[in-house]
Amino acid sequence: MMDNLTRINALIGEVESLSITCDVELENANSLAKEVKKEIKAIKDEYKDEIAQYHKLHKEAKAKEKQALEPINKAYDVLIRAIGIYMRDREKRMLELRKAEEELFGEAMPEKKLDLGGTYVKKTWKARVIDPDKVPDKWGNHRLKIIDEAKLNEIARFEKGNAQIEGVEFYQEESTVIRNG
């Protein structure tokens, strides 16, 4: 009796030398295909339990990781929100100060930049459909009737919220980003 590797190599050799030019050869090829599929299933069955064990271990490890990360991720979220609130308030205060300086001195003093090591407020323009019935079929060369929120968000980014599309509200979403390094 042939061992598995010898049998598989023999099947591979038959497949590589295969030529189908008539019905008899087609029937032989069909039988060969069934044998190959049987070998594929046998190999998969051989590794099925081992793969299932690895999947189980991976799933357990991911659950432990998630549990271990939960408190520090919550702390990070609190920190990001606090930094974002302060940075948005600071930006608003700086704009008010610059306006006051312009009114008082005729020009604003140069803005003092903080070195926050890659921390900044990211502003992303987005679109929200508020009344689908009012959305037109087209806006420019963009088809909108099948409301494509990705396309609307693209318009929002490109137009920086200045686009006027009936039934659509454009808004800016802010998120605080901290780069490592």
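Please read these numbers as outputs of a predicted model, since none were measured by experiment.
Distance check: K160 NZ to K123 NZ gives 11.5 Å after rounding to the nearest 0.5 Å. Interatomic distance, R98 CZ to E107 CD, rounded to the nearest 0.5 Å: 10.0 Å. Between atom CD of residue E174 and atom NZ of residue K122 there is a gap of 12.0 Å, rounded to the nearest 0.5 Å. Remark: E154 CD to K151 NZ distance equals 4.0 Å, nearest 0.5 Å. Distance check, rounded to the nearest 0.5 Å: CG of L79 to OH of Y76 gives 7.5 Å. Remark: N9 CG to N4 CG distance equals 11.0 Å, nearest 0.5 Å.
L57 CG: more than 12 foreign heavy atoms inside a 6.0 Å radius. Shown here is I72, whose CD1 atom has no more than 12 heavy atoms of other residues, nucleotides or ligands within 6.0 Å.
Using a 4.5 Å cut-off on side-chain heavy atoms (C-beta onward), K62 and K59 make no contact.
Minimum interatomic distance between A127 and A156 (heavy atoms only, all atoms of both residues): N-CB, 4.0 Å. What you find for W125 and Y171 is that their closest heavy atoms are CE3-O, 3.3 Å.
Under a hydrophobic-cluster definition in which Ile, Leu, Val, Met, Phe, Trp and Tyr are linked whenever side-chain heavy atoms come within less than 4.5 Å, directly or via other members, I51 and I43 are assigned to the same cluster. In the hydrophobic clustering of this structure, V121 groups with I83; members are Ile, Leu, Val, Met, Phe, Trp, Tyr whose side-chain heavy atoms approach within less than 4.5 Å, directly or through other members. Criterion: ILVMFWY side-chain heavy atoms under 4.5 Å apart, direct or through other members. Under it, L32 and I40 are part of a common hydrophobic cluster. Put simply, I85 and Y120 are part of two different groups of oily side chains (I, L, V, M, F, W, Y) that touch within less than 4.5 Å, one to the next. If you chain together hydrophobic residues whose side chains sit under 4.5 Å apart, Y47 and I8 fall into the same group.
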Quiz prompt | Verdict with reasoning, R88 to E91, per salt bridge (Lys or Arg N to Asp or Glu O under 4.0 Å) | solution = CA-CA 5 Å; R88 283 186 285 281; E91 184 179 350; over 6 Å; no
Exercise. Check the pair D45 / K41 against salt bridge (Lys or Arg N to Asp or Glu O under 4.0 Å), numbers first and verdict last.
Key: CA-CA 6 Å; D45 286 348; K41 183 182 180 326; 2.8 Å; yes
Quiz item: After noting the C-alpha distance and the side-chain angles of H58 and H55, does the key distance pass the side chain to side chain contact (heavy atoms under 4.5 Å, CB included) rule?
Solution: CA-CA 5 Å; H58 179 262; H55 280 299; 5.6 Å; no
Practice problem: Output, in order, the C-alpha distance, side-chain angles, deciding distance and verdict of side chain to side chain contact (heavy atoms under 4.5 Å, CB included) for I155 and V168. | Solution: CA-CA 11 Å; I155 292 167; V168 178; over 6 Å; no
Exercise. For N162 and F170, run side chain to side chain contact (heavy atoms under 4.5 Å, CB included): C-alpha distance rounded to whole Å, both residues' side-chain angles, the deciding distance at 0.1 Å, then the answer.
Key: CA-CA 8 Å; N162 293 320; F170 292 95; over 6 Å; no
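In summary, K92 and E96 do not engage in a salt bridge, as defined by a charged side-chain N under 4.0 Å from a carboxylate O. The pair K99-E102 fails the salt-bridge criterion, with no side-chain N (NZ, NE, NH1 or NH2) lying under 4.0 Å from an Asp/Glu carboxylate O.
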Can you give the donor-acceptor pairs under 3.5 Å from side chains of residues 130-139 to other protein atoms, not counting sequence neighbours?
from : atom 1 : to   : atom 2 : distance (Å)
D131 : OD1    : D133 : N      : 3.2
W139 : NE1    : Q164 : O      : 3.4

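In this structure, I20 belongs to a hydrophobic cluster whose other members, linked by side-chain heavy atoms under 4.5 Å apart, are L18, L26.
For residues 19-37, the set of pairs meeting the side-chain hydrogen bond (donor to acceptor under 3.5 Å, both in side chains) definition, not counting sequence neighbours, comprises T21-E25.
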